[in-house]
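Below: the structure, in structure tokens.
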Amino acid sequence: MSTTERYARIAGLGHFVPEHIVTNDDLAKLVETSDEWIRSRTGIAERHFAGEGESTATMATNAGREAIEAAGVAPEQIGLLIIATSTPDYPLFPSTACLVQSALGLTQAGAFDLSAACSGFVYGLITASQFITGGAYEHVLVIGADTLSRFVDFTDRTTCVLFADGAGAAVVSASPGPGGLRSFVLGADGDGADHLIVPAGGSRTPLTAESLANHGQTIHMNGREVYRFSTTTPILALEEAARRAGVAIGDLDLVVAHQANERILQTAAKNLGVREELFYSNVNRLGNTSAASVPLALYDAAASGRIRAGSCVGLMGFGAGLTWATAIWHWQGLSSPC
Ligand code: ACO
């Protein structure tokens with residue numbers, strides 16, 4: 001194939017969530033909250049938490065294996081592995097991508113972690129597409145995986161009810177097309193860094209007895225600021241991506257957005273003047289799985305027939321950083337169904 005006729009197709013999808021389900025009533029035993037409060041403010045009914053022996057790398061490996069098998073490619077055909085995560089197995093090195101590269105036998109692949117919080121998978125998909133359409137690789141495995149339950153303060157009711165664990169994966173393959181990524185917008189605003197932050201454990205504030213006592217290794221969030229950001233900037237970025245692709249938002253078959261919170265999805269639909277059903281939602285069952293949420297939603301949407309060959313799909317990631325990534329993706333069909 002010459003570079004002028006190469007397109008990036010999602011050929012296979014994979015998913016994994018841990019077995020252990022945590023209900024709102026379970027959390028109400030830990031903090032002063034209720035099923036009614038959590039459902040009405042977030043839409044979340046239950047979520048999955050990793051168990052003993054499970055980590056970001058083990059979940060990513062399970063999701064990645066399914067995606068490779070579904071794509072019908074051999075592990076050694078994967079040229080690059082990108083793992084979007086904020087919760088790597090080890091804080092510095094080795095990268096989670098190296099652990100997964102080994103576990104999956106991706107003997108011919110380069111591998112790196114990508115840090116863009118809940119926007120990470122969409123950042124990764126766009127990055128993979130550049131490598132494919134540029135001619136560098138035939139197959140790139142992109143995985144979004146996070147184990148947020150290990151970084152939640154279970155005495156803080158404002159955050160511990162939101163976050164969860166899981167992994168989702170996509171094999172992006174070269175295709176004569178046409179289709180795949182039609183347009184994208186990547187964005188960042190570090191002025192909002194403090195709105196969603198794990199303050200300790202990095203080079204600025206290493207873990208000490210004092211920072212641990214202050215819960216510095218857990219997620220700190222300014223919920224109102226995050227809500228304000230989530231219901232404005234990513235929506236404008238989705239509109240911009242649609243404009244660049246020459247489509248109207250109303251002409252999209254589905255929008256698969258980061259599953260932070262049902263109210264954010266509903267507000268996005270309202271602000272865009274489209275029906276709520278245009279935004280796929282599975283946050284009620286899975287909670288906020290950060291980088292895993294978009295691929296887990298893509299998987300469910302494809303499995304339930306909401307995305308088919310020929311569908312025009314909007315992707316919308318947003319999260320800590322602050323970061324956002326939107327894309328218009330022309331779905332060419334999977335090598336085998338979810
Ligand atoms: N159960 C019961 N009460 C609670 C809980 C809880 N789990 N959490 C907060 N409250 C209380 C607060 O303490 C406060 O009480 P007070 O008035 O006595 O002080 C009251 O509820 C209202 O608190 P607010 O923060 O004003 O609640 P709000 O209606 O804004 O909802 C929420 C909070 C759901 C977090 C909202 O701000 C939000 O959706 N923000 C977006 C955050 C988000 O989704 N983050 C996900 C991660 S970011 C991402 O993925 C991009």
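We count residues from 1, following the sequence as given. Start at 1 and go down the list; that is how both ligands and their atoms are numbered. Quick caveat, the model's predicted, so the values are computed rather than measured.
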Partners passing ring pair (Phe, Tyr, Trp, His ring centres under 6.0 Å) against Tyr299 (at least two apart in sequence or in another chain):
His15
According to salt bridge (charged side-chain N to carboxylate O under 4.0 Å, His left out), who are the partners of Asp300, at least two apart in sequence or on a separate chain?
Arg285
Applying salt bridge (charged side-chain N to carboxylate O under 4.0 Å, His left out), can you list everything that pairs with Arg39, at least two apart in sequence or on another chain?
Asp35
Residue pair Arg6, Glu138: steps toward the salt bridge (Lys or Arg N to Asp or Glu O under 4.0 Å) verdict:
CA-CA 10 Å; Arg6 286 175 70 95; Glu138 294 299 311; 3.0 Å; yes
Option among Asp165, Thr58, Thr56, Asp89 that satisfies the side chain to side chain donor-acceptor pair (under 3.5 Å) test with Thr147:
Thr56
With a 4.0 Å cut-off, would you call Arg65 and Glu69 a salt bridge?
no
Contact residues of ligand 1 with a heavy-atom cut-off of under 4.0 Å?
Glu32, Thr33, Trp37, Arg41, Cys118, Arg157, Thr158, Val161, Leu162, Phe163, Leu196, Met221, Gly223, Arg224, Val226, Tyr227, His258, Ala260, Asn261, Arg263, Ile264, Asn288, Phe318, Gly319
